[in-house]
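Take a look at the structure set out below.
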Amino acid sequence: MLLIETIREHVLAVLPELFEGSFGPSDFQVSQTKPEFEGDYTVVLFSLVKKLKKSPDEIGKLLGEKLTEKYPDLYTGYSLLKGFMNLTIAEPYWVDMLSKHYTDPCFGKGEMRNQKVMVEYSSPNTNKPLHLGHLRNNFLGWSIAEILKANGYEVIKSCIVNDRGIHICKSMIAWQRFANGATPESSGMKGDHFVGDYYVKFNDAYKKEVEGLVSQGMKQEEAEKEAPIMKATQEMLLQWEKGDPEVIDLWRKMNGWVYSGFDITYKTIGSDFDVIYYESDTYLLGKDAVEDGLAKGVFFRKDDGSVWIDLTADGLDEKLLLRRDGTSVYITQDIGLAKKKYEQYKIDQSIYVIGDEQNYHMKVLKLICQKLGLPYADGIHHLSYGMVELPTGKMKSREGTVVDADDLVQEMVNISAQHTQELGKVKDFPEEALQELYETIGLGALKFFLLRVDPKKKMIFNPEESIDFHGFTGPFIQYTHARIKSILRKEQADTGYTLAKTGLLPLEKELLVSIEQYGMVLKQSAEELNPSVIAIYAYNLAKTFNSFYAEHSVANAESEEKKQLRLRICGMTAVVLSSSLQLLGMSVPERM
RNA sequence: GGUCCCGUAGCUCAGUUGGAUAGAGCGGCAGCCUUCUAAGCUGUAGGCCAUUGGUUCGAAUCCAAUCGGGAUCACCA
């Protein structure tokens with residue numbers, strides 16, 4: 001059991017023995033003791049002071065005496081300061097923890113809990129390549145899935161590919177008009193970039209047409225509707241829906257180009273999926289849910305035949321579910337897909353990794369499912385993340401102010417190659433291993449950069465300043481791991497050696513305290529669906545290790561006892577760092 | 001206009017769900033490689049936690065108002 005939970009239980013067990021009444025977890029808080037005070041863990045007594053109407057000192061004294069008396073193996077002492085009771089944990093606890101787990105590669109991970117969770121992430125449009133915002137989504141989704149696995153959930157990674165709609169038709173029209181039969185092969189381009197270029201070409205042509213119409217005296221709004229290229233695009237969408245063979249053929253061809261491009265990007269950044277849904281397969285789903293909703297009186301039909309739900313009582317608006325021509329809209333498809341996911345996998349929870357611009361939409365989706373009484377409604381959870389913005393504001397594909405995913409990854413790999421070569425520590429590596437190392441470090445820097453921030457918060461990326469490789473970064477932690485491995489290559493812990501239970505130096509103990517908290521961190525990151533908890537933790541552990549490394553020698557330790565102790569600490573630190581980074585989608589090098 | 005989110009060091013971010021003297025990295029300054037990897041370590045400067053009021057033993061954290069920034073409210077996705 002995690003130490004902090006043990007302490008909570010002990011306090012909870014002891015309180016009724018000392019005082020009248022019943023006690024719950026909210027009657028006190030347990031936290032790590034601040035470094036400037038003596039002790040390891042702190043019980044905050046103020047809530048009890050209020051409840052029991054006794055002085056903090058009186059409560060603390062009784063509680064401290066009782067705890068040290070009842071659990072002498074765990075608590076060797078306590079000190080009281082205002083309403084804080086600082087407990088000192090018995091040194092053997094740390095040494096025992098080390099001896100017990102130092103060879104355990106699964107340290108910190110949770111028990112299986114027989115719960116199935118689907119994590120939907122990435123969900124690209126097929127009209128343009130991935131950009132920095134997609135990277136945040138992909139890294140978050142992948143990481144959350146792994147974190148949930150580490151906490152004992154069964155996880156299914158899914159993706160909905162938005163492969164049909166007006167946006168694809170724009171690229172298609174532009175290709176028809178401007179490409180002269182060019183292909184990714186003939187132009188030597190990655191397929192997704194190739195198609196993306198035609199999306200841009202569409203918008204350029206469209207803009208020109210609108211300007212032309214406006215200069216002839218048409219109003220902006222009308223011009224946007226009347227521009228011939230836009231009308232042609234809408235016509236194409238209708239043809240697509242009718243299944244016109246020529247349009248379908250072109251659509252297949254261009255989507256195929258995009259997929260071959262995406263495959264490369266996904267492989268590089270390490271995104272993978274257990275199931276991929278295509279909007280072209282699912283966009284008709286959800287219509288039966290509309291019938292169901294009408295029958296239940298949850299939805300209503302207007303005179304023109306369109307179907308709506310009134311959510312004004314919930315503080316939202318009226319929401320359309322079916323157009324008057326009977327075709328479905330985005331939310332209808334989502335209801336259908338949610339149902340399909342549930343029927344297919346019998347999932348307990350369904351997590352959607354989607355940007356916070358869709359907070360309203362996701363709120364509506366969940367609410368409608370709840371009102372329909374669908375069994376999976378309560379399990380729907382929107383993992384809402386903030387946009388990645390540039391110092392100049394939002395990224396916009398149409399205005400060309402996007403940071404392209406492939407470009408950025410390549411740049412990161414180049415920079416890591418440059419650093420690595422300058423440092424010259426791995427000159428003996430064969431070319432293939434070098435390339436792998438450059439990717440490990442470059443991608444590590446990028447992933448850590450995007451995952452170290454709370455997902456809910458929007459973040460700013462400045463393309464002028466390249467992502468750092470020093471300080472609070474992925475490479476810093478990778479480097480720490482490589483340093484440890486360097487020690488362990490020369491010397492291994494003697495498994496037959498029995499460690500003394502006491503005499504830990506401050507930094508040795510600090511490392512053990514930090515390592516012990518790994519399980520708690522994993523749990524917290526899963527509960528909050530927040531990888532940054534792990535990123536911050538791993539950084540702090542690495543930092544503590546580097547202080548330790550500068551202060552104490554392992555190989556030339558002052559005694560055999562210290563050497564054996566430190567080798568085990570090294571081993572466990574390496575496992576925890578490696579495991580942490582793995583959950584963030586990063587690999588750790590043996591050398592760098 | 002309605003609803004929702006955000007404002008912490010020059011910059012990028014933490015702040016354990018209301019607890020002790022608000023912390024990191026980058027950037028600045030000053031040191032540390034003859035010893036396990038200097039992508040490192042140590043020290044130092046830098047703050048009216050947007051503003052004002054409230055709630056209480058205690059507020060960056062909760063409430064209200066104000067100022068500033070953003071998202072969303074489509075028969076778009």
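In this text, all values refer to a predicted model and were calculated from it rather than measured experimentally. Chain naming here is simple, since letters A, B, ... match the order of the sequence lines and numbering starts at 1 in each.
- Residue A:K458 places its side chain closer to B:rG69 than to any other of B:rA20, B:rA77, B:rG69.
- The nucleotide whose nearest atom lies closest to any side-chain atom of A:Q29 is, among B:rU72, B:rG19, B:rC41, B:rG19.
- Base pairing annotation: B:rU12 forms a Watson-Crick or G-U wobble pair with B:rA24, both donor-acceptor distances under 3.5 Å.
- Within the shown strands, B:rU42 is the pairing partner of B:rA30 under the Watson-Crick or G-U definition, both distances less than 3.5 Å.
- Within the cation-pi definition used here (under 6.0 Å to the ring centroid, within 45° of the axis), A:R483 qualifies as a partner of A:Y549.
- Note on A:K490: a side-chain N or O is less than 4.0 Å away from OP1 or OP2 of B:rU37.
- Comparing A:L320 and A:K34 by the nucleotide of RNA chain B that holds the closest heavy atom to each, the one mapping nearer the 5' end is A:K34.
- For the P atom pair drawn from B:rC5 and B:rU44, the interatomic distance equals 40 Å after rounding to whole Å.
- Residue contacts for A:D334: at a heavy-atom cut-off of 4.0 Å it reaches no nucleic acid atom on any strand shown.
- Between the C1' atoms of B:rA24 and B:rG18, the separation comes to 23 Å (whole Å).
- Closest to the side chain of A:E279, from the set B:rA77, B:rG25, B:rU37, is B:rA77.
- When the P atom is used for both B:rG2 and B:rU21, the distance is 41 Å, rounded to whole Å.
- Partners of A:S306 according to the side chain to side chain contact (heavy atoms under 4.5 Å, CB included) rule, which considers only residues two or more places apart in sequence or in another chain, are A:K302, A:D304, A:W308, A:L320, A:R324.
- With both ends at atom C1', the span from B:rU12 to B:rC57 equals 37 Å, rounded to whole Å.
- Nearest nucleotide to the side chain of A:H361, out of B:rA77, B:rA14, B:rU21: B:rA77.
- B:rC11 and B:rG27 have their P atoms separated by 16 Å, with the value rounded to a whole Å.
- Across all strands shown, A:Y479 has heavy atoms under 4.0 Å from base atoms, whether or not it also approaches the sugar-phosphate.
- Using atom P as the reference point in both B:rC4 and B:rU8, the two lie 22 Å apart (nearest Å).
- Taking the centre and axis of the six-membered ring of A:Y199, the NZ or CZ atom of A:K128 falls inside the cone set by 45° and 6.0 Å.
- Here, B:rU66 and B:rU3 have their P atoms 12 Å apart, quoted to the whole Å.
- You'll find the side chain of A:E120 reaches within 4.5 Å of the side chain of A:I160, heavy atoms only.
- Aromatic ring centroids of A:W240 and A:Y283 lie under 6.0 Å apart.
- Between the side chain of A:D304 and the base of B:rC75, at least one donor-acceptor pair of N or O atoms lies under 3.5 Å.
- In this model, the phosphate group of B:rU42 is approached by a side-chain N or O of A:S547 to a distance below 4.0 Å at OP1 or OP2.
- In B:rU17 the O4'-C1'-N dihedral to the base is within 90° of 0, which defines a syn nucleotide.
- Going from the P atom of B:rU42 to that of B:rU55 covers 45 Å, rounded to whole Å.
- For the OP1/OP2 pair of B:rC76 and a distance below 4.0 Å, the side-chain nitrogens and oxygens of A:R323 include at least one atom meeting the criterion.
- Side chain of A:F37, nearest nucleotide from B:rA14, B:rA20, B:rA77: B:rA20.
- You'll find that the side chain of A:F84 is closest to B:rA20, out of B:rA77, B:rG40, B:rA20.
- Side-chain nitrogen and oxygen atoms of A:H470 include at least one within less than 4.0 Å of the OP1 or OP2 phosphate oxygen of B:rG40.
- Across all strands shown, B:rG18 forms no Watson-Crick or G-U wobble pair with both distances under 3.5 Å.
- Base pairing of B:rC62 is made with B:rG54, judged by Watson-Crick or G-U wobble geometry with both donor-acceptor distances under 3.5 Å.
- Base orientation of B:rC41: anti (glycosidic angle beyond 90° from 0).
- Residue A:F461 is classed as having no contact, given no heavy-atom separation below 4.0 Å to the nucleic acid.
- Here B:rG40 presents its P atom at 18 Å from CZ of A:F548, a figure rounded to the nearest Å.
- Comparing A:N125 and A:A542 against RNA chain B, the residue whose closest nucleotide sits nearer the 5' end is A:A542.
- Between the side chain of A:N86 and the base of B:rA20 there is at least one donor-acceptor pair of N/O atoms closer than 3.5 Å.
- Using a 4.0 Å heavy-atom distance criterion, A:A555 is classed as a base contact.
- Ring-base stacking between A:Y549 and B:rG40 is not satisfied when judged by a centre separation under 5.5 Å and a plane angle under 30°.
- Closest to the side chain of A:V44, from the set B:rG19, B:rA14, B:rC36, is B:rG19.
- Judged by Watson-Crick or G-U wobble contacts below 3.5 Å, the nucleotide B:rC75 has no partner.
- Stacking between A:F46 and B:rG19 is shown: the ring centroid lies under 5.5 Å from the centre of the six-membered base ring, and the planes differ by under 30°.
- No engagement by A:T327 is indicated, since no non-hydrogen atom pair under 4.0 Å with the nucleic acid exists.
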A:Q478 vs A:M586, side chain to side chain contact (heavy atoms under 4.5 Å, CB included): CA-CA, chis, key distance, verdict:
CA-CA 9 Å; A:Q478 291 171 321; A:M586 300 163 54; 4.1 Å; yes
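- Considering only side-chain N and O atoms, A:K457 lies under 4.0 angstrom from the phosphate OP1 or OP2 of B:rA14.
- Comparing B:rC75, B:rG19, B:rA71 against the side chain of A:R324 picks out B:rC75 as the nearest.
- Taking the centre and axis of the six-membered ring of A:F472, the NZ or CZ atom of A:R452 falls inside the cone set by 45° and 6.0 Å.
- Within the 4.0 Å cut-off from OP1 or OP2 of B:rU37, not a single side-chain nitrogen or oxygen of A:R489 is found.
- Annotation: A:Y352 is not in aromatic contact with A:H382 [ring centroid separation under 6.0 Å not met].
- Side chains of A:T544 and A:S514: no donor on one and acceptor on the other come within 3.5 Å.
- Checking B:rG25, B:rC41, B:rA77 against every side-chain atom of A:F476, the shortest atom distance belongs to B:rC41.
- By the stacking rule of 5.5 Å between ring centres and under 30° between planes, A:Y360 does not stack on the base of B:rA71.
- At a cut-off of 3.5 angstrom, the base of B:rA20 holds at least one donor-acceptor pair with the side chain of A:T42.
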